[in-house]
Amino acid sequence: MHNLLRYAIVILLIVTILKSFIGWFSKKEYTAGDNKFSLFLFISAHLQLVIGLVLYFISDIVAAYSNLGMAEIMKDAVARFWVVEHMTSMILGIIIITLGRIMAKKATTDNAKFRRQAIYFTLAMVIIFSAIPWPEPMKAAGIARPWF
Ligand code: HEM
C-alpha cells in the first residue's frame with residue numbers, strides 16, 4: 001500500500017502544481033474542482049503518513065538497524081536514510097502540503113489561492129521526490145526499492 005500510494009501522491013502533486021501555475025499566470029477562477037485536487041492530495045499524503053508511521057515500527061528494513069546506536073546510524077548513509085532521512089523529509093513534505101492547503105483556503109482572491117498552492121506544493125514536491133527510494137538512481141546509493 002505504501003509503495004502504491006506513492007503514485008497517487010506523485011500524480012496529484014504534479015497535476016495540482018501544473019493547474020496552480022496555469023491558474024496563477026492565466027488568472028483563472030479557482031473552482032470546486034481545484035479544491036478537490038488539493039483535498040485529495042492532502043488526504044493521500046496524510047494516509048501515507050499513517051501507513052509510514054506503522055511501517056516504521058514493523059519494517060524489517062528499519063529493524064535491521066535496531067542494534068546500532070544513533071552515532072553509528074548517522075555515519076552509515078543507508079541506515080541514516082531508513083531510520084532518519086526518509087521519515088523526517090516526508091513528514092516535512094506533508095506539513096508543507098498541509099500548510100499550502102490552509103494558506104490557499106485563507107487567501108481572499110483566486111489568484112492568491114493558486115499562487116500559494118503553486119509555491120507550497122512545489123516545495124513539498126522537491127522534498128518528497130528527493131526522499132522516495134526510487135529504483136533508479138537510488139540504486140547506486142543502496143537504498144533502491146522496487147517500482148511496484
Ligand atoms: C509522501 C510521503 C511518503 C512517500 C511518497 C513514501 C514512499 C515510500 C516508498 C516508495 C517506499 C518503498 C516501499 C517498498 O519497499 O516497496 C517507502 C518505504 C518506507 N517508508 Fe515511506 N513514504 C512516505 C512517508 C513515510 C513516512 C512519513 C514514514 C514514517 C513515519 C515512512 C516510513 C517508511 C518505512 C519504514 C519504509 C520501509 C518499508 C519496508 O519495510 O519495506 N514513509 N516509502
Side-chain angles (χ1 to χ4, degrees), residues 1-25 30-107 112-148:
M1 275 175 77
H2 196 68
N3 181 310
L4 295 180
L5 191 55
R6 158 235 329 234
Y7 292 108
I9 296 170
V10 163
I11 292 166
L12 283 167
L13 271 172
I14 294 172
V15 174
T16 314
I17 290 170
L18 281 176
K19 280 171 71 65
S20 301
F21 274 105
I22 294 170
W24 177 12
F25 290 115
Y30 190 92
T31 62
D34 291 308
N35 183 43
K36 283 243 168 69
F37 269 102
S38 142
L39 178 65
F40 288 145
L41 172 62
F42 174 86
I43 293 171
S44 345
H46 281 254
L47 191 58
Q48 186 75 324
L49 171 66
V50 174
I51 300 171
L53 282 171
V54 173
L55 270 178
Y56 193 75
F57 293 101
I58 63 168
S59 162
D60 288 341
I61 300 177
V62 177
Y65 305 108
S66 58
N67 58 332
L68 298 184
M70 219 6 133
E72 285 168 296
I73 287 170
M74 295 312 276
K75 269 187 239 152
D76 178 334
V78 178
R80 194 173 62 236
F81 176 83
W82 287 113
V83 181
V84 183
E85 288 169 357
H86 180 74
M87 177 174 63
T88 47
S89 307
M90 294 312 196
I91 290 176
L92 181 64
I94 295 166
I95 289 173
I96 297 172
I97 288 178
T98 309
L99 284 176
R101 180 160 166 76
I102 293 171
M103 296 301 283
K105 274 193 137 187
K106 281 191 173 168
K113 283 182 192 292
F114 281 128
R115 189 180 66 237
R116 288 179 180 183
Q117 280 195 182
I119 295 168
Y120 279 87
F121 293 168
T122 302
L123 183 60
M125 186 177 77
V126 170
I127 297 170
I128 289 173
F129 276 35
S130 70
I132 291 180
W134 300 107
E136 296 291 344
M138 301 296 206
K139 206 169 174 176
I143 51 177
R145 296 291 300 155
W147 289 111
F148 298 101

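Nothing fancy with the numbering, it's 1 onward along the sequence. Counting convention: from 1, in listed order, for ligands and their atoms alike.
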query = Which one of Gly52, Ala131, Ser59 has a non-hydrogen atom at the shortest distance from atom 28 (C) of ligand 1?
reply = Gly52
ask   = Which atoms from ligand 1 have a heavy atom of Val62 less than 4.0 Å away?
value = 35 (C)
task = Return a yes/no value for Trp82: is any of its N or O atoms, backbone included, closer than 3.5 angstrom to an N or O of ligand 1?
result = no
ask   = atom 16 (O) of ligand 1: which protein heavy atom is closest, and how many Å away?
value = Asn3 ND2, 2.7 Å
ask   = Hey, is CZ on Phe21 packed in by over 12 heavy atoms from elsewhere, all under 6.0 Å?
value = yes
request  = List the steps, then state whether side chain to side chain contact (heavy atoms under 4.5 Å, CB included) holds for Val83 with Tyr56.
outcome  = CA-CA 8 Å; Val83 181; Tyr56 193 75; 3.4 Å; yes
request  = Could you tell me whether the side chains of Thr31 and Asp34 share a donor-acceptor contact shorter than 3.5 Å?
outcome  = yes
remark   = Of all protein heavy atoms, the one nearest atom 3 (C) of ligand 1 is Gln48 CG, 3.4 Å
ask   = Evaluating non-hydrogen atoms only, which member of Met138, Met90, Met125, Arg6 is closest to atom 24 (C) of ligand 1?
value = Met90
message = Closer than 3.5 angstrom, by distance alone: can the side chain of Arg6 be matched with the main-chain N or O of Asn3 as a donor-acceptor pair?
response = yes
ask   = Val62 versus Met87: any side-chain heavy-atom pair under 4.5 Å?
value = no
inquiry  = I'd like to know if Ala45 contacts ligand 1, where contact means a heavy-atom distance under 4.0 Å to any ligand atom.
reply    = no
key: Under 4.0 Å to a heavy atom of Leu53 - the qualifying atoms of ligand 1, by number   = 29 (C), 30 (C)
message = Looking only at protein heavy atoms, which one is nearest to atom 11 (C) of ligand 1, and what is the separation?
response = Pro133 CG, 3.6 Å
message = Could you walk me through whether Leu123 and Ile119 satisfy the side chain to side chain contact (heavy atoms under 4.5 Å, CB included) test, starting with their C-alpha distance in whole Å, then the side-chain angles of each, then the deciding distance to 0.1 Å, before giving a yes or no?
response = CA-CA 6 Å; Leu123 183 60; Ile119 295 168; 5.9 Å; no
request  = Please note down the angle at atom 21 (Fe) of ligand 1 between NE2 of His86 and NE2 of His2, to the nearest 10°.
outcome  = 180°
Asn35 and Arg101, any side-chain heavy atoms less than 4.5 Å apart = yes
query = Just which atoms of ligand 1 are under 4.0 Å from any heavy atom in Leu49?
reply = 27 (C)
task = Give the atoms of ligand 1, by number and element, whose distance to some non-hydrogen atom of Ile61 is under 4.0 Å.
result = 39 (C), 40 (O), 41 (O)
query = Looking only at distance, does Tyr56 have an N or O less than 3.5 Å from an N or O of ligand 1?
reply = no
request  = List the closest protein heavy-atom neighbour of atom 14 (C) of ligand 1: residue, atom name, distance to the nearest 0.1 Å.
outcome  = Arg145 NE, 3.6 Å
request  = Show your reasoning for whether side chain to side chain contact (heavy atoms under 4.5 Å, CB included) applies to Ser20 and Thr16.
outcome  = CA-CA 6 Å; Ser20 301; Thr16 314; 4.3 Å; yes
task = Take Met90 and Ile132 through the test side chain to side chain contact (heavy atoms under 4.5 Å, CB included) and record every step on the way to the result.
result = CA-CA 9 Å; Met90 294 312 196; Ile132 291 180; 3.6 Å; yes
ask   = Of the protein's non-hydrogen atoms, which lies at the shortest distance from atom 34 (C) of ligand 1, and what is that distance?
value = Leu55 CB, 4.0 Å
